[in-house]
**Q** 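The structure that follows is given in the form of structure tokens.
Note that these values count all heavy atoms, side chains included, but never hydrogens, waters or copies made by symmetry. Just so it is clear, the model here is predicted, and its values are computed rather than measured.
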Amino acid sequence: MSESINNKKPRIFSGIQPSGNITIGNYYGALKNWVAMQDEYEALFCVVDLHAITLKQEPGKLRAKTRELIALYIAAGLDPVTNIIYPQSHVRQHAELSWILNCFTYMGELNRMTQFKDKSSKNEANINAGLYTYPVLMAADILLFQTDIVPIGDDQKQHLELTRDIAQRFNHTYSDTFVVPEAFFGKVGARIKSLQEPTAKMSKSDANPNGAIALLDEPNVITNKIKRAVTDSVGEINYTDKQPGVKNLIDIYCCKTGETAEQAMNKFEGQNYGFLKKEVAEATVEELRPVQEKFYQLIKDKKYLDEIIKTNSEKASYIAEKTLRKVKKKVGFII
Ligand code: ATP
Ligand code: LTN
């Protein structure tokens, strides 16, 4: 039974990997939606460091990035008192449930995951088993908390479908144990594209630094990256898939203003690419300025951040243990 039936608010869970510099793709596609949803839901926002080590990470850097991402969650507007904000590795139940769910997931299902195919083709020297079972850990993250809604970018859709399948399979094998979660996709920010390769998604692991705008990029860096963004030779601003570079810039603009593409086109129709880029750069700088200011205050206060991590991890662990005990009992472990 959903815990949300007993409590007042439905529950959401989501996470970002501390595996690089988070981008405006993560911000508009994930974080900003979370901020808008936080009051209506009981929310857990996780920094998924266990997922991050599926690719090689430098230990000191991973530690710093994890704390940095916790601070960015708060700087972007998430309340660390009313929401549960914590690093995944602090709650051991994630790994425990993940093992159990591995035994309820078929290799045929994992073989179909496009993110695995994508990441393994880019990391041929390190195609480890964690990269392969990554979606099972993600399912464990979500199912541990009896999550109702999972706000994600559309690149995670396939993983969420697998999560639902695993939950249903487990529920059918035993009896109702997990809430079967629904995905939630934001309107405009669902898929921001790379500035250099506007048919591919903007990603924090992009090898080309000009492809992605990091949340902590300085204003002149943001402006320069947008100036260099790939457009086309049409020379006319239209919102169409035939002009993916221009379309992406309009999307980024709309993420800031909340306008529809149609509304934004009233402003851009008949203008040149230079004008579009200038407007997009100004909008982005303005959006990120307050987030950056708050971030630099927070990151100085390690004690405060560590306290947030400790209390929130304890809260998460308490909720997670309830589900895990139920699961262990159903599969036949002595509890
Ligand atoms: P990596 O490049 O390391 O794989 P990533 O940039 O894809 O990372 P994740 O940590 O995998 O980031 O994703 C965190 C969240 O941000 C997810 O909900 C994902 O769907 C969303 N997201 C990532 N990139 C984009 C994007 N370009 N547009 C919209 N949402 C995105
Ligand atoms: N796999 C996701 C990050 C992630 C996540 C989750 C998102 C891990 N666990 C649980 C939502 C819910 C990604 O790569 N973006």
**Q** Y132: what forms a ring-ring contact (aromatic ring centres under 6.0 Å, His included) with it, not counting sequence neighbours?
**A**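 So Y132 forms a ring-ring contact (aromatic ring centres under 6.0 Å, His included) with F116.
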
**Q** Using distance alone, with no hydrogens and no angle criterion, decide if Q158 and T114 have a side-chain donor and acceptor under 3.5 Å apart.
**A**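 Yes, a side-chain donor-acceptor pair sits under 3.5 Å.
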
**Q** Assess, by modelled atom type and distance only, whether the side chains of D141 and Q88 contain a donor and an acceptor separated by less than 3.5 Å.
**A**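 A pair is found: one side chain offers a donor N or O, the other an acceptor, under 3.5 Å apart.
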
**Q** Between K330 and S175, is any side-chain donor less than 3.5 angstrom from a side-chain acceptor?
**A**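 Result is yes, a qualifying pair exists.
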
**Q** Looking only at heavy atoms, which two atoms of A43 and N83 are closest? And how far apart?
**A**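 What the structure gives for the nearest pair is CB-OD1, 3.3 Å.
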
**Q** Report whether L216 and V221 are members of the same hydrophobic cluster (ILVMFWY, side-chain heavy atoms less than 4.5 Å apart, transitive linking).
**A**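 Unlinked, L216 and V221 end up in two clusters.
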
**Q** Please answer whether the main-chain N or O of P181 pairs with a side-chain N or O of R164 as donor and acceptor at a distance below 3.5 Å.
**A**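 Checked: pair present.
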
**Q** Let me confirm one number: the CD-CZ distance from E58 to R63, rounded to the nearest 0.5 Å.
**A**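 The CZ atom of R63 is 9.5 Å from CD of E58, to the nearest 0.5 Å.
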
**Q** Please test T257 against E259 for side-chain hydrogen bond (donor to acceptor under 3.5 Å, both in side chains), starting from the C-alpha separation and ending with a verdict.
**A** CA-CA 5 Å; T257 63; E259 287 168 63; 3.2 Å; yes

**Q** Examine distances only and state if a side-chain atom of Q196 and a backbone atom of V230 form a donor-acceptor pair shorter than 3.5 Å.
**A**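 Judged by distance alone, no pair lies under 3.5 Å.
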
**Q** Quick one: side chain to side chain donor-acceptor pair (under 3.5 Å) partners of N248, sequence neighbours excluded?
**A**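 Partners of N248 by the side chain to side chain donor-acceptor pair (under 3.5 Å) criterion come out as none, since no residue qualifies.
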
**Q** Closest approach of I84 and A316, non-hydrogen atoms and distance?
**A**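 The pair with the smallest heavy-atom distance is CG2-CB, 3.9 Å.
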
**Q** Holding to side chain to side chain donor-acceptor pair (under 3.5 Å), I want the full list of residues that pass it with T23, two or more places apart in sequence or in another chain.
**A**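 T23: side chain to side chain donor-acceptor pair (under 3.5 Å) contacts with N26.
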
**Q** Would you say Y27 and E287 are linked by a side-chain donor-acceptor pair, where the criterion is simply a distance under 3.5 Å?
**A**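 Yes, a side-chain donor-acceptor pair sits under 3.5 Å.
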
**Q** Name the residue from T311, I74, L69 that meets the side chain to side chain contact (heavy atoms under 4.5 Å, CB included) definition with I85.
**A**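 Filter result, single survivor: I74.
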
**Q** Do S19 and K204 have a side chain donor and acceptor closer than 3.5 Å?
**A**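 On atom types as modelled, these side chains qualify, holding a pair under 3.5 Å.
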
**Q** If you look at every heavy atom in K294 and A75, which pair is closest and at what distance?
**A**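 So the minimum-distance heavy-atom pair works out to CG-CA, 3.5 Å.
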
**Q** Determine whether Y318 and S313 make a side-chain contact, defined as any pair of heavy atoms from C-beta on separated by less than 4.5 Å.
**A**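 No, their side chains stay 4.5 Å or more apart.
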
**Q** For side-chain hydrogen bond (donor to acceptor under 3.5 Å, both in side chains), just list the numbers for N21 and K65, CA-CA rounded to whole Å, side-chain angles, deciding distance to a tenth of an Å, and then say yes or no.
**A** CA-CA 8 Å; N21 295 323; K65 289 282 162 205; 2.6 Å; yes

**Q** Is there any ring pair (Phe, Tyr, Trp, His ring centres under 6.0 Å) pair reaching into residues 202-230, and which pairs are they, with sequence neighbours excluded?
**A**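 Qualifying pairs: none.
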
**Q** Using modelled atom types and a 3.5 Å cut-off, is there a donor and acceptor pairing between side-chain atoms of N224 and backbone atoms of N220?
**A**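 Yes: the side chain of N224 pairs with the backbone of N220.
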
**Q** Is a donor on one side and an acceptor on the other found under 3.5 Å between the side chain of Y273 and the backbone of G235?
**A**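 Here the side-chain-to-backbone pair exists.
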
**Q** Flag the pair K247 and D241 as a salt bridge only when some basic side-chain nitrogen lies within less than 4.0 angstrom of an acidic carboxylate oxygen.
**A**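 D241 and K247: salt-bridged.
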
**Q** Would you find a donor on one side and an acceptor on the other, under 3.5 Å apart, between the side chain of S14 and the backbone of P151?
**A**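 Between the backbone of P151 and the side chain of S14 there is a qualifying donor-acceptor contact (under 3.5 Å).
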
**Q** Show the nearest heavy-atom pair for residues S203 and A212, with the distance to one decimal.
**A**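 Heavy atoms only, the tightest pair is O-CB, 3.9 Å.
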
**Q** Would you call K277 and T223 a side-chain contact if the rule is heavy atoms closer than 4.5 Å?
**A**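 They are not in contact (no side-chain heavy atoms under 4.5 Å apart), so the answer is no.
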
**Q** Does the side chain of N208 come under 3.5 Å of the side chain of D206 through a donor N or O and an acceptor N or O?
**A**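 Short answer, no.
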
**Q** Check whether any side-chain heavy atom of D79 lies under 4.5 Å from a side-chain heavy atom of Q38, and answer yes or no.
**A**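 Contact flag for D79/Q38 side chains = yes.
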
**Q** Who clusters with L62? Use side-chain heavy atoms, under 4.5 angstrom, across I, L, V, M, F, W and Y, and order the result by chain and number.
**A**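 Under the 4.5 Å side-chain rule, L62 groups with I53.
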
**Q** Applying salt bridge (Lys or Arg N to Asp or Glu O under 4.0 Å) to D155 and K201, what does each step give before you reach the verdict?
**A** CA-CA 9 Å; D155 60 313; K201 82 161 186 166; 2.9 Å; yes

**Q** Rounded to the nearest 0.5 Å, what's the gap from NZ on K267 to CD1 on I250? Could you check?
**A**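 K267 atom NZ to I250 atom CD1 measures 12.0 Å (nearest 0.5 Å).
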
**Q** Are any of the side-chain heavy atoms of L305 and D301 separated by less than 4.5 Å?
**A**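 They are not in contact (no side-chain heavy atoms under 4.5 Å apart), so the answer is no.
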
**Q** Quick one: list whatever passes side chain to side chain donor-acceptor pair (under 3.5 Å) with S89, sequence neighbours left out.
**A**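 S89: side chain to side chain donor-acceptor pair (under 3.5 Å) contacts with D49.
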
**Q** Linking directly or through intermediates, with side-chain heavy atoms under 4.5 Å: list the remaining ILVMFWY members grouped with L137, chain and number order.
**A**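 Joined to L137, directly or through intermediates: L50.
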
**Q** Are any non-hydrogen side-chain atoms of N126 and L55 less than 4.5 angstrom apart?
**A**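 No; the side chains remain at least 4.5 Å from each other.
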
**Q** Going by ring pair (Phe, Tyr, Trp, His ring centres under 6.0 Å), name the pairs with one or both residues in residues 240-265, residues two or more places apart or in two chains.
**A**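 Matches after skipping sequence neighbours: Y253-F268.
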
**Q** Taking only residues two or more places apart in sequence or in another chain, which ones pass side chain to side chain contact (heavy atoms under 4.5 Å, CB included) with Y106?
**A**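 E109, R169.
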
**Q** Output all residues satisfying side chain to side chain contact (heavy atoms under 4.5 Å, CB included) with D39, sequence neighbours left out; order by chain, then residue number.
**A**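 Side chain to side chain contact (heavy atoms under 4.5 Å, CB included) list for D39, sorted by chain: empty.
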
**Q** Does a side-chain heavy-atom distance below 4.5 Å link V35 with L78?
**A**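 Of all side-chain heavy-atom pairs linking L78 with V35, at least one is under 4.5 Å.
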
**Q** Could you check if a side-chain atom of R289 sits within less than 4.5 angstrom of a side-chain atom of E293, using non-hydrogen atoms only?
**A**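 Result yes, sub-4.5 Å side-chain heavy-atom pair found.
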
**Q** Following the transitive rule for hydrophobic clusters with a side-chain heavy-atom cut-off under 4.5 Å over Ile, Leu, Val, Met, Phe, Trp and Tyr, establish whether F170 and V180 coincide in one cluster.
**A**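 Looking at the clustering, V180 is in a separate group from F170.
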
**Q** So that I can tick it off, tell me whether E40 and K9 are bridged by a salt bridge, with the cut-off set at under 4.0 angstrom between side-chain N and carboxylate O.
**A**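 Result for this pair is no, no salt bridge flagged.
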
**Q** What residue pairs, at least two apart or across chains, pass ring pair (Phe, Tyr, Trp, His ring centres under 6.0 Å) with a residue in residues 35-66?
**A**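 Passing the test, one end in residues 35-66: W34-F45, H51-Y134.
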
**Q** How about F178 and L97: do any of their side-chain heavy atoms sit closer than 4.5 Å?
**A**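 They are in contact (side-chain heavy atoms under 4.5 Å apart), so the answer is yes.
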
**Q** Do side-chain atoms of T231 reach the backbone of V246 as a donor and acceptor pair under 3.5 angstrom?
**A**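 Between the backbone of V246 and the side chain of T231 there is no qualifying donor-acceptor contact (under 3.5 Å).
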
**Q** Restricting to side chain to side chain contact (heavy atoms under 4.5 Å, CB included), what partner residues turn up for A320, sequence neighbours left out?
**A**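 Here the qualifying residues are V91, Q93, L144, F145.
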
**Q** Looking at every non-hydrogen atom in both residues, tell me the closest pair between I22 and L72 and how far apart they are.
**A**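 Closest approach of I22 to L72: CG1-CD1, 4.1 Å.
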
**Q** Are F333 and L324 connected into the same hydrophobic cluster when the rule is that any two of I, L, V, M, F, W, Y join if their side-chain heavy atoms are below 4.5 Å apart?
**A**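 They do share one cluster, since a chain of ILVMFWY contacts under 4.5 Å joins L324 to F333.
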
**Q** Using 4.0 Å as the upper bound for N to carboxylate O, is an ion pair formed by K310 and D306?
**A**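 So D306 does not pair with K310 through a salt bridge.
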
**Q** Q263 side chain to T260 main-chain N or O, any donor-acceptor pair under 3.5 Å?
**A**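 Yes, the answer is positive, given that a donor and an acceptor are paired below the 3.5 Å cut-off.
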
**Q** Quick one: pull up CG in L288 and CD1 in I24 and give me the separation to the nearest 0.5 Å.
**A**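 L288 CG to I24 CD1: 7.0 Å, rounded to 0.5 Å.
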
**Q** For E321, is there an ion pair with R92 - N to carboxylate O distance below 4.0 angstrom?
**A**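 The answer is yes: the pair qualifies as a salt bridge.
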
**Q** Is M113 reachable from I166 through a run of I, L, V, M, F, W or Y residues, each pair having side-chain heavy atoms under 4.5 Å apart?
**A**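 Same cluster.
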
**Q** Closest heavy-atom contact between Q243 and V234?
**A**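 That closest heavy-atom pairing would be NE2-CB, 3.7 Å.
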
**Q** Using distance alone, with no hydrogens and no angle criterion, decide if K56 and N123 have a side-chain donor and acceptor under 3.5 Å apart.
**A**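 No.
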
**Q** Side-chain heavy atoms nearer than 4.5 Å, only ILVMFWY residues, links allowed to pass through others: does that put M107 and F104 together?
**A**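 Hydrophobic grouping puts M107 with F104.
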
**Q** Is it the case that the side chains of Q292 and E218 hold a donor-acceptor pair, with the cut-off being a distance below 3.5 Å and no angle test?
**A**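 Result is no, nothing qualifies.
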
**Q** Kindly say whether V179 contributes a backbone atom to a donor-acceptor pair with the side chain of Q146 at under 3.5 angstrom?
**A**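 A pair under 3.5 Å: yes.
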
